[in-house]
Amino acid sequence: MGLVVTSAIFQLTFCGSNVIHYFGCHVLPLLKLACGDNVSTVAMGVDLVCITALLGCCLLILLSYAFIVATILRIPSAEGRHKAFSTCASHLTVVVVHYSFASIIYLKPKIPQSLEGDTLMGITYTVLTPFLSPIIFSLRNKELKNAMKKTFLSMLYPEKM
């Protein structure tokens, strides 16, 4: 998908400023710098490819979770089901955060908006999600939970520690 989008973007002619007011090289800021007769056609094609990729991946994730939930529900012990659901919840949290912000960027109406808002959304889904992943998954570790409780309690009640 990335190769298709990149190839389409390189078919465009760029005029005016060569400065992209964005922290990374996303498709939409590049399309804003393009000029010529075919920009709207390429933009529509790129939008279609990006939306298809976003929704296609989301559909595959939902389908895989449906199979995972069906399998978990067949686990005989309540403790086993709880442990399996707990593992899935961590992953699902990261996926929901990532897809929420990515969807806001790629599925929002194409109206003039502030560069700060776009940059904030871009940073959120390209930086925050990878940063959150290890934190969310490590919170399942009992030793880490106990160490964090002890640290926070010592900060709140230093006289008792």
Side-chain angles (χ1 to χ4, degrees), residues 1-75 81-141 144-145 148 152:
M1 295 295 221
L3 186 59
V4 170
V5 170
T6 303
S7 299
I9 295 293
F10 281 136
Q11 301 304 313
L12 296 173
T13 304
F14 296 94
C15 52
S17 173
N18 64 352
V19 176
I20 298 174
H21 298 285
Y22 213 72
F23 81 100
C25 192
H26 286 270
V27 175
L28 297 177
L30 285 173
L31 286 172
K32 289 178 184 175
L33 295 178
C35 58
D37 297 334
N38 62 344
V39 174
S40 61
T41 306
V42 170
M44 193 180 312
V46 166
D47 285 347
L48 187 63
V49 168
C50 289
I51 289 170
T52 302
L54 185 69
L55 296 178
C57 290
C58 190
L59 180 66
L60 286 174
I61 289 170
L62 289 174
L63 185 63
S64 67
Y65 265 99
F67 284 115
I68 290 169
V69 168
T71 302
I72 291 173
L73 291 175
R74 287 192 294 253
I75 296 175
R81 283 192 303 274
H82 177 72
K83 201 172 199 178
F85 274 125
S86 171
T87 301
C88 289
S90 301
H91 180 259
L92 195 56
T93 302
V94 174
V95 169
V96 166
V97 167
H98 179 78
Y99 271 94
S100 298
F101 286 107
S103 296
I104 290 169
I105 287 177
Y106 290 108
L107 300 178
K108 72 180 177 183
K110 304 291 187 259
I111 56 173
Q113 63 271 355
S114 72
L115 290 172
E116 294 83 15
D118 281 351
T119 302
L120 180 61
M121 289 295 158
I123 288 172
T124 303
Y125 97 94
T126 56
V127 176
L128 184 64
T129 305
F131 178 75
L132 276 180
S133 293
I135 294 171
I136 289 172
F137 286 109
S138 64
L139 288 177
R140 296 189 64 248
N141 184 324
L144 181 68
K145 282 183 191 176
M148 286 177 62
F152 287 128

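- In this structure, the separation between CG on Leu33 and CG on Leu12 is 10.5 Å, given to the nearest 0.5 Å.
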Where do Phe85 and Leu73 land on the side-chain contact (heavy atoms from CB on, under 4.5 Å) test, with the steps shown first? CA-CA 9 Å; Phe85 274 125; Leu73 291 175; 4.1 Å; yes
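- A donor-acceptor pair under 3.5 Å links the side-chain atoms of Arg81 to the main chain of Ile75, judged by distance alone.
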Show me, pair by pair, the donor-acceptor contacts under 3.5 angstrom made by side chains of residues 1-8, not counting sequence neighbours?
{"unit_1": "Thr6", "atom_1": "OG1", "unit_2": "Gly2", "atom_2": "O", "d": "2.8"}
{"unit_1": "Ser7", "atom_1": "OG", "unit_2": "Leu3", "atom_2": "O", "d": "2.8"}

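- To the nearest 0.5 Å, the span separating CG on Leu63 from SG on Cys58 amounts to 11.5 Å.
- Side-chain atoms of Leu60 and Tyr65, non-hydrogen and from C-beta on, never get closer than 4.5 Å to each other.
- Side-chain contact between Ile9 and Phe14: present, with at least one pair of heavy atoms (C-beta onward) separated by less than 4.5 Å.
- Distance CG/Leu62 to CG/Leu55: 10.5 Å, rounded to 0.5 Å.
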